[in-house]
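Notes for the one structure printed next.
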Amino acid sequence: MNMNVKTGIINESEIFKKINSSCDKNFQNDRNYIEEIFAKAKELNGITPEQVLSLLQLKDNDLIGELYNTAKEVKDTIYGKRIVLFAPLYISNICYNECLYCAFRSSNTNLHRKKLSQKEIITETKHLINDGHKRLLLVAAEDNSEQGLDYMLESIASVYSVTTDKGSIRRINVNMAPLSMEGFKKLGECKIGTYQIFQETYHQETYKQNHLRGHKSNYQYRLQAMDRALAGGIHDLGMGILFGLYDYRFEILALLKHVEYLEKNFAVGPHTLSVPRIEPAFGSEVSMNPPYPVSDEIFKKIIAVLRLAVPYTGLILSTRESGTLRKDALDLGISQISAGSKTNPGGYTSNVEEKEEQFSLSDKRSILEVIKDIVSDGYIPSFCTGCYRMGRVGADFMELAKPGLIHKHCTPNAMFTFKEYLEDFADNDLKFRGEKVISEIIESNIMGESLTFKNNLKIKLQEIANGTRDIYY
Ligand code: SAM
Ligand code: SF4
């Protein structure tokens with residue numbers, strides 16, 4: 001373990017010191033200390049790194065149960081009952097980097113390479129719109145930085161150009177290699193929502209061992225991507241860690257340090273945090289045997305603790321995880337999920353070709369099945385794109401999310417977009433159950449008791465039933 005590496009944002013020795021001192025303390029029997037952390041977390045201002053470490057190490061089942069309940073309460077206070085849905089659209093798996101955990105890495109010569117043409121992107125988009133999607137995450141491997149950007153810009157324009165009788169894509173988020181500030185400027189100009197990129201591991205030595213070639217082998221360039229993105233005019237950032245590469249306690253403290261750094265310097269924290277765990281990837285030894293595997297039990301604690309530490313952020317869980325775990329995770333703090341996903345370029349409209357996939361997916365349910373389950377679990381599915389289209393982005397979004405005011409927009413917008421889904425895509429069973437959920441939410445007073453407001457919501461829902469689309473606050 002190199003204890004002296006400093007990156008400017010991440011001070012490794014400081015993080016190790018915190019971990020070691022937390023291991024030395026025996027707080028497991030100190031119920032009051034843990035209860036105080038829960039009380040602090042409910043104030044929605046986050047918790048300290050020391051408190052994060054204490055919660056991650058909890059062993060007592062009652063206290064772990066209380067941790068989960070607190071995370072659920074915090075999420076409900078900030079976001080209400082809505083779960084945002086999206087689909088990834090992989091546009092290219094041609095990559096010149098060498099990330100040992102990924103099937104797309106350049107030396108994986110057995111992988112079938114594919115870069116979708118704009119025509120193919122349009123075909124995939126039509127398919128996703130006709131499945132009910134309104135929000136896409138465009139994902140690309142890194143073939144060559146500059147060309148890669150032009151290709152991404154063209155692809156974004158292609159996706160936005162598609163309209164079918166079921167609607168159009170209203171928000172595109174992007175996961176692609178980090179750009180220069182000028183590159184981010186261009187990306188920001190073409191109406192993207194969140195720019196997402198994962199540091200994978202914040203531990204420099206581990207980073208070096210797992211990223212052998214290409215631009216991505218430059219740890220600092222990737223770490224500073226968020227600074228360049230914000231300076232280039234991108235408002236909403238998605239961050240994440242690839243769990244399994246290194247000690248999760250180190251990764252979480254480092255991620256929180258990165259968040260703190262962004263908040264301090266730019267007054268903006270992450271719009272979303274993602275928590276991917278390494279999944280088996282075609283031709284990748286590391287992905288079959290991750291060096292620091294994270295068990296389901298620890299993974300659930302990680303989700304709950306992140307919800308308490310960064311209460312305002314959208315927490316994303318992808319179809320890498322099983323349906324059962326994803327169901328549990330909704331009660332622990334997850335607020336956004338992908339559904340009906342494919343990770344091979346062209347995968348929505350061609351037969352799945354595993355030799356083109358990035359990693360294997362555990363949750364293979366269709367979007368309709370996922371939605372039915374969300375509703376059964378007491379949540380309301382949302383395809384909302386209201387904030388981004390009303391300009392509630394960056395610091396403005398944070399101002400509403402931090403004190404827990406954003407759900408006043410999230411809940412009605414979730415109802416409107418879910419109502420659209422019920423009208424355009426649902427079978428009779430879901431229609432019946434969905435209408436019931438919507439009425440219950442209106443009558444439950446969670447958006448206030450004002451009769452005028454409730455009537456206004458009902459009028460708008462009726463307008464949607466009559467054919468109006470794209471209503472949002
Ligand atoms: N090429 C860009 C990059 O690396 O940032 C963006 C696309 S890459 C396909 C998106 C993410 O997939 C990576 O950031 C990584 O965290 C994740 N990933 C790669 N291999 C994975 C695996 N075996 N299991 C789970 N996630 C993986
Ligand atoms: Fe390429 Fe991204 Fe996969 Fe690395 S993680 S090999 S950069 S697609």
Side-chain angles (χ1 to χ4, degrees), residues 88-109 111 113-115 136-145 147-149 151-152 155 173-179 183 187 194-202 206-219 221-223 225-226 229 237-246 251 255 272-294 299 316-322 325 338 341-345 347 354 356-363:
L89 174 52
Y90 278 68
I91 55 176
S92 169
N93 67 10
I94 299 175
C95 197
Y96 81 135
N97 289 320
E98 185 63 16
C99 313
L100 295 185
Y101 45 80
C102 182
F104 295 173
R105 69 185 199 284
S106 57
S107 72
N108 193 5
T109 47
L111 185 88
R113 303 286 169 172
K114 196 162 180 178
K115 182 173 180 175
L136 296 189
L137 172 68
L138 286 198
V139 185
E142 187 176 12
D143 54 353
N144 169 305
S145 230
Q147 273 177 29
L149 175 60
Y151 175 60
M152 179 57 81
S155 307
N173 298 327
V174 169
N175 185 322
M176 72 177 295
L179 302 165
L187 187 63
T194 305
Y195 170 69
Q196 182 188 71
I197 194 185
F198 310 147
Q199 185 61 28
E200 321 295 10
T201 171
Y202 281 94
T206 305
Y207 191 93
K208 200 167 146 200
Q209 286 163 6
N210 282 283
H211 301 96
L212 303 187
R213 279 190 300 280
H215 277 137
K216 194 166 166 183
S217 58
N218 187 337
Y219 174 99
Y221 188 73
R222 194 164 179 95
L223 187 65
M226 297 309 184
L237 303 174
M239 301 166 73
I241 297 162
L242 184 58
F243 286 102
L245 291 176
Y246 192 60
E251 302 290 22
L255 172 73
T272 57
L273 287 178
S274 296
V275 287
R277 275 193 293 187
I278 295 186
E279 288 297 321
F282 173 71
S284 156
E285 277 298 316
V286 169
S287 74
M288 304 294 172
N289 292 299
Y292 287 81
V294 169
F299 190 54
I316 301 182
L317 195 62
S318 77
T319 51
R320 290 172 179 90
E321 300 297 339
S322 70
L325 196 136
S338 48
S341 308
K342 301 279 185 211
T343 63
N344 54 322
E354 283 188 359
E356 291 165 4
E357 268 184 346
Q358 192 197 8
F359 44 80
S360 39
L361 299 174
S362 296
D363 185 353

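In what follows, residues are counted from 1 in the order of the sequence shown. For ligands, and for the atoms within them, numbers begin at 1 and follow the listed sequence.
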Asn97 contact mode with ligand 1 (heavy-atom cut-off under 4.0 Å): neither
Under 6.0 Å between the ring centres of His215 and Tyr96? yes
Any side-chain donor paired with an acceptor under 3.5 Å for Glu98 and Ser107? yes
Would Gln196 and Leu137 count as a side-chain contact (heavy atoms from CB on, under 4.5 Å) here? Give the steps. CA-CA 9 Å; Gln196 182 188 71; Leu137 172 68; 3.4 Å; yes
Is ligand 1 under 4.0 Å from a heavy atom in the side chain of Arg222, in the backbone, in both, or in neither? side chain
Option of least heavy-atom distance to atom 6 (C) of ligand 1 (set: Asn175, Leu245, Thr201): Asn175
Proximity to ligand 1 by part of Lys216, non-hydrogen separation under 4.0 Å: side chain
Checking heavy atoms under 4.0 Å, the part of Cys102 that sits near ligand 1 is both
What atoms in ligand 1 come closer than 4.0 Å to a heavy atom of Ala141? 1 (N)
Within 45° cone of Tyr151 ring axis and under 6.0 Å: Lys115 NZ or CZ: yes
Presence of N, O or S from Cys102 under 2.8 Å of atom 1 (Fe) of ligand 2: no
Taking N or O atoms only and a 3.5 Å limit, does Ser287 qualify as a polar contact for ligand 1? no
Given that the side chain starts at C-beta and the backbone is N, CA, C, O, which of these parts of Ala140 lies under 4.0 Å from ligand 1, counting heavy atoms, or is it both or neither? backbone
Could you list the atoms of ligand 1 found under 4.0 angstrom from a heavy atom of Val139? 7 (C), 9 (C)
Output the list of atoms in ligand 2 that are nearer than 4.0 Å to some heavy atom of Arg105, sorted by atom number. 6 (S)
What atoms of ligand 2 come closer than 4.0 angstrom to any heavy atom of Cys95? 1 (Fe), 6 (S), 7 (S), 8 (S)
Just by distance, do the side chain of Asn108 and the backbone of Ala103 share a donor-acceptor pair under 3.5 Å? yes
Ligand 2 contact on Ala141 by region, counting heavy-atom pairs under 4.0 Å: both
Provide the number and element of each atom of ligand 1 under 4.0 Å from a heavy atom of Ala281. 23 (N)
Would you check if atom 4 (Fe) of ligand 2 lies under 2.8 Å from any N, O or S atom of Cys99? yes
Just go through Arg320, Gln199, Glu200 and tell me whose heavy atom is the nearest to atom 16 (O) of ligand 1. Glu200
Min side-chain heavy-atom separation Leu317-Phe299 under 4.5 Å: yes
Is there a donor in the side chain of Glu142 and an acceptor in the side chain of Asn97, or the other way round, less than 3.5 Å apart? yes
Does any non-hydrogen side-chain atom of Val275 lie less than 4.5 Å from one of Ile241? no
Only one of Tyr101, Tyr292, Tyr207 passes ring-ring contact (aromatic ring centres under 6.0 Å, His included) with Tyr246; say which it is. Tyr292
For Glu251 and Thr201, which I'm curious about, is there any donor-acceptor pair between the side chains at under 3.5 Å? yes
